[in-house]
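Below is one structure, written out as C-alpha cells; comments come after it.
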Number of protein chains: 2
Amino acid sequence: MAQARNTNVISAFPTRRHNHGRCVSTAIESAERVSEARGARFTAIRRRVLELVWASHEPVAAYELLDRLKLEKSNATPPTIYRALEFLLENGLIHRIESLNAYVGCGNPENEHNGQFLICTRCGVVAELGCDSIDGAVRERAGELGFTVESHTVEIQGICESCGKTTR
Amino acid sequence: MAQARNTNVISAFPTRRHNHGRCVSTAIESAERVSEARGARFTAIRRRVLELVWASHEPVAAYELLDRLKLEKSNATPPTIYRALEFLLENGLIHRIESLNAYVGCGNPENEHNGQFLICTRCGVVAELGCDSIDGAVRERAGELGFTVESHTVEIQGICESCGKTTR
DNA sequence: AGCGGTTTTGTAATATTATATCAATATTGG
DNA sequence: CCAATATTGATATAATATTACAAAACCGCT
Ligand SMILES: [Zn+2]
Ligand SMILES: [Zn+2]
Ligand SMILES: [Zn+2]
Ligand SMILES: [Zn+2]
C-alpha cells in the first residue's frame with residue numbers, strides 16, 4: 001500500500017456562472033508545467049484538444065472533438081483526436097469516463113490520481129472527487145482479498161444538487 | 001438514503017478448480033426465480049446467452065457471445081445478442097464492465113445492487129464485491145455535496161492473489 | 001547549418017461496439 | 001380463437017476506436 005493518497009481535494013459541482021475561462025487557463029498552464037516536468041511535448045494539436053475538452057464540464061465524446069477540430073483543421077481524422085487523447089490521458093491531463101465513452105478535463109493534473117466522478121444524469125455535468133475515504137475503502141477491501149490495486153474507476157450516476165432543486 | 005444495502009456478500013476470486021458447473025446451474029436457477037418473480041420471460045435465447053456469459057468468470061464481449069451463439073443458431077445477429085444482454089442487465093442477471101465493454105454474470109441477482117468489481121489484468125478474471133464500506137463511502141461523499149446517487153460503477157484494476165504469487 | 005535518430009502528424013483503411021427500423025412470429029389474457 | 005403485446009428476424013447503419021505506413025517536424029549532436 002505504498003501509494004500516494006490524494007489530499008481530499010474537492011472540485012464540487014461548478015456553479016452555473018463560475019469564471020470558466022479561469023478553469024481553461026488554469027488547465028492549460030498546469031498542462032504546460034506537467035509536460036515540461038516530464039519532458040513531454042505539449043504540441044499545438046494536443047493543446048487545442050485539451051482546450052476543446054475543457055469547453056465545458058460535461059464529458060465530450062471523441063467524435064464531437066473531431067467535428068469541432070475539423071472546423072479549424074480540415075484534415076483532422078480519428079487518429080488525430082485519439083492520439084491527442086492518449087497523450088492527455090497518459091499525462092493525467094484528462095480522464096476518460098468509461099460509462100459514457102467520453103472525456104473530461106482533470107482539475108488536479110499535477111498530482112497523480114485515479115478520478116472519482118459524480119455524473120449528473122439530468123444536466124450532464126461531471127464533478128471530480130479526490131476522496132480518500134472511497135479510495136481507502138476500495139484499497140482496504142481489495143487488500144483483504146489479496147488483490148493488488150493498480151487503478152480504479154469510480155463513476156457515480158445521480159442528480160446534482162442544483163438539478164435536484166429544480167422541478168422534476 | 002433509503003436504499004437497500006447489500007449484506008457484505010463476498011464472491012472472492014474463484015479458485016482455479018472450483019466446481020464451475022455449479023456456478024452456472026445456480027445462476028440459471030436464480031434467473032428462473034427472478035424472471036418468475038418479475039413476470040419476465042426467460043426465453044431460450046436469453047437463457048442460452050446467460051449460459052454463454054457464464055462460460056467463465058472472465059467478462060465476455062458482445063461479439064464474442066455472438067460468434068459463439070452463431071455456432072448453434074446461424075441466424076443470430078447483433079440485435080439478437082444485444083437484446084438478450086439488455087434483458088439480462090435489466091433483470092440484474094449480469095453486469096456490464098464499463099472499462100472493458102464486456103459482460104459478466106452476477107453472482108447475487110436476487111438482491112438488487114450495484115456491482116463493484118476486482119478485475120485482474122493478468123488473468124482477466126473478475127470478482128464481484130458487495131461491499132458496504134465502499135458503497136457507504138460513495139454515498140456519504142456524494143451526500144456531502146448534495147448529490148443524490150442513483151447508481152454507481154466501481155471497477156478496480158490490479159493483480160489477483162493467485163496471479164500475484166506466480167512469477168512475474 | 002547539416003545529419004541521423006526519434007517523435008509526431010497525415011492519410012487511408014479497417015476493426016469493434018452498438019442501435020434503428022420494420023416485418024414476421026410467438027405468447028398471453030380474455 | 002382473437003386481439004393486444006412481446007419477442008425475434010433481418011437489414012442497414014451509427015458510433016467508437018485502432019492499424020499501418022508514409023511524410024514531416026523536432027531534437028541532440030557535431
Ligand atoms: Zn469551469
Ligand atoms: Zn483528476
Ligand atoms: Zn465458477
Ligand atoms: Zn452482481
Side-chain angles (χ1 to χ4, degrees), chain A residues 31-32 34-50 52-53 58-91 93-104 124 153 155, chain B residues 31-32 34-50 52-53 58-91 93-104 124 153 155:
Chain A
E32 284 168 350
V34 168
S35 301
E36 170 74 30
R38 305 177 53 152
R41 290 200 231 154
F42 191 48
T43 63
I45 292 176
R46 291 165 177 175
R47 170 186 305 254
R48 188 68 187 116
V49 171
L50 181 57
L52 293 175
V53 169
E58 294 179 45
V60 199
Y63 276 72
E64 290 178 55
L65 292 168
L66 178 55
D67 289 345
R68 186 63 190 72
L69 187 62
K70 272 183 175 163
L71 298 177
E72 57 203 51
K73 182 168 166 44
S74 59
N75 66 343
T77 61
T80 312
I81 290 296
Y82 282 102
R83 286 165 178 160
L85 291 173
E86 184 181 23
F87 173 90
L88 298 171
L89 286 168
E90 277 173 355
N91 290 283
L93 302 170
I94 61 173
H95 294 285
R96 177 177 159 84
I97 306 296
E98 299 290 350
S99 58
L100 297 173
N101 293 338
Y103 305 82
V104 284
T153 300
E155 299 174 10
Chain B
E32 284 167 350
V34 168
S35 301
E36 170 73 32
R38 303 177 53 152
R41 292 199 229 157
F42 191 47
T43 64
I45 293 177
R46 292 165 177 176
R47 171 186 304 253
R48 188 67 188 118
V49 171
L50 181 57
L52 293 175
V53 168
E58 294 180 44
V60 199
Y63 277 74
E64 291 178 55
L65 292 168
L66 178 55
D67 289 344
R68 183 67 189 69
L69 187 63
K70 271 183 178 167
L71 297 177
E72 58 203 50
K73 182 169 167 45
S74 59
N75 67 342
T77 60
T80 311
I81 291 295
Y82 281 102
R83 286 165 178 161
L85 291 173
E86 184 182 24
F87 174 90
L88 298 171
L89 286 169
E90 277 173 355
N91 291 283
L93 302 169
I94 62 173
H95 294 285
R96 177 177 159 85
I97 307 294
E98 298 290 350
S99 58
L100 297 173
N101 293 339
Y103 306 83
V104 285
T153 301
E155 299 174 11

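Throughout, protein chains are lettered first and strands after them, A, B, ... in sequence-line order, and every chain is numbered starting at 1.
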Using five pairs at each end of the helix from dA1(C)-dT30(D) to dG30(C)-dC1(D) to define an axis, what is the angle between those two axes, to 10°?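 Between the axes fitted at each end of the helix from dA1(C)-dT30(D) to dG30(C)-dC1(D) lies an angle of 40°.
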
For [X] and [N], give me the distance from atom [atom1] to atom [atom2], rounded to whole Å.
| X | N | atom1 | atom2 | answer |
| --- | --- | --- | --- | --- |
| D67(A) | dA14(D) | CG | C1' | 13 Å |
| E98(B) | dT16(D) | CD | C1' | 14 Å |
| L89(B) | dT19(C) | CG | P | 10 Å |
| I45(B) | dA6(D) | CD1 | P | 17 Å |
| I81(B) | dT7(D) | CD1 | P | 16 Å |
| L88(B) | dT7(D) | CG | P | 12 Å |
| L69(B) | dT8(D) | CG | P | 11 Å |
| K73(B) | dT7(D) | NZ | P | 15 Å |

Show the distances under 3.5 angstrom between N or O atoms of the protein and N or O atoms of nucleotides 20-23 of chain D.
from, atom 1, to, atom 2, distance (Å)
dA20(D), N6, R83(A), NH2, 3.1

Is it the case that the side chain of R96(B) and the backbone of L89(B) share a donor-acceptor pair, with hydrogens and angles ignored and the cut-off at 3.5 Å?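 No, R96(B) side chain to L89(B) backbone: no donor-acceptor pair under 3.5 Å.
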
Ignoring hydrogens and angles, tell me if any N or O in the side chain of T80(B) forms a donor-acceptor pair with the backbone of T77(B) under 3.5 Å.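 Yes, T80(B) side chain to T77(B) backbone: donor-acceptor pair under 3.5 Å.
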
Could you go over nucleotides 24-27 of chain D and give all protein N or O partners under 3.5 Å, atom names and distances?
none

Is any side-chain heavy atom of [Y] closer than 4.5 Å to one of [X]?
| X | Y | value |
| --- | --- | --- |
| L93(A) | F87(A) | yes |
| R48(A) | K73(A) | no |
| L50(A) | F42(A) | yes |

Nearest to the side chain of Y82(A), heavy atoms from C-beta on, is which of dG10(C), dT9(C), dA17(D)?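 Between dG10(C), dT9(C), dA17(D), the one nearest the side chain of Y82(A) would be dA17(D).
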
Among dT11(D), dG9(D), dA18(C), the one nearest A62(B) by side-chain distance: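 The answer is dA18(C), which lies nearest to the side chain.
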
Between T153(A) and E98(A), does any side-chain donor sit less than 3.5 Å from a side-chain acceptor?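 No.
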
Contact under 4.0 Å: N75(B) side-chain N or O vs dA10(D) OP1/OP2: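 Looking at the OP1 and OP2 atoms of dA10(D), one of them is under 4.0 Å from a side-chain N or O of N75(B).
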
Compare side-chain N and O positions of R48(B) against OP1 and OP2 of dT8(D) and report whether any pair is under 4.0 Å apart.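 So the side chain of R48(B) is outside the cut-off, no N or O lying under 4.0 Å from OP1 or OP2 of dT8(D).
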
Evaluate L88(B) against V49(B) for side chain to side chain contact (heavy atoms under 4.5 Å, CB included), listing each step before the verdict. CA-CA 9 Å; L88(B) 298 171; V49(B) 171; 4.0 Å; yes

Any idea which heavy atoms bring V104(A) and E58(A) closest together, and the distance?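 Heavy-atom minimum between the residues: CG1-C, 4.1 Å.
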
Please name the pair of heavy atoms, one in A102(A) and one in P59(A), separated by the smallest distance, quoted to 0.1 Å.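 Here A102(A) and P59(A) meet closest at CB-CB, 3.5 Å.
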
Give F42(B) one of three labels, base, sugar-phosphate or nothing, depending on what nucleic acid heavy atoms sit under 4.0 Å from its own.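 Nothing, no nucleic acid heavy atom in range.
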
Please test L65(B) against L85(B) for side chain to side chain contact (heavy atoms under 4.5 Å, CB included), starting from the C-alpha separation and ending with a verdict. CA-CA 10 Å; L65(B) 292 168; L85(B) 291 173; 3.8 Å; yes

Is Y63(A) side chain donor-acceptor paired with the dA17(D) base, going by distance under 3.5 Å alone?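 Present.
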
Assuming nearest nucleotide by heavy-atom distance, tell me which of N101(B) and T43(B) is located more 5' along DNA chain D.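 That would be T43(B).
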
Just checking E36(B): does its CD atom have more than 12 heavy atoms from other residues, nucleotides or ligands closer to it than 6.0 angstrom?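 At most 12 heavy atoms, drawn from other residues, nucleotides or ligands, come within 6.0 Å of this atom.
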
Derivation and outcome, side chain to side chain contact (heavy atoms under 4.5 Å, CB included), residues E155(B) and E155(A): CA-CA 9 Å; E155(B) 299 174 11; E155(A) 299 174 10; over 6 Å; no

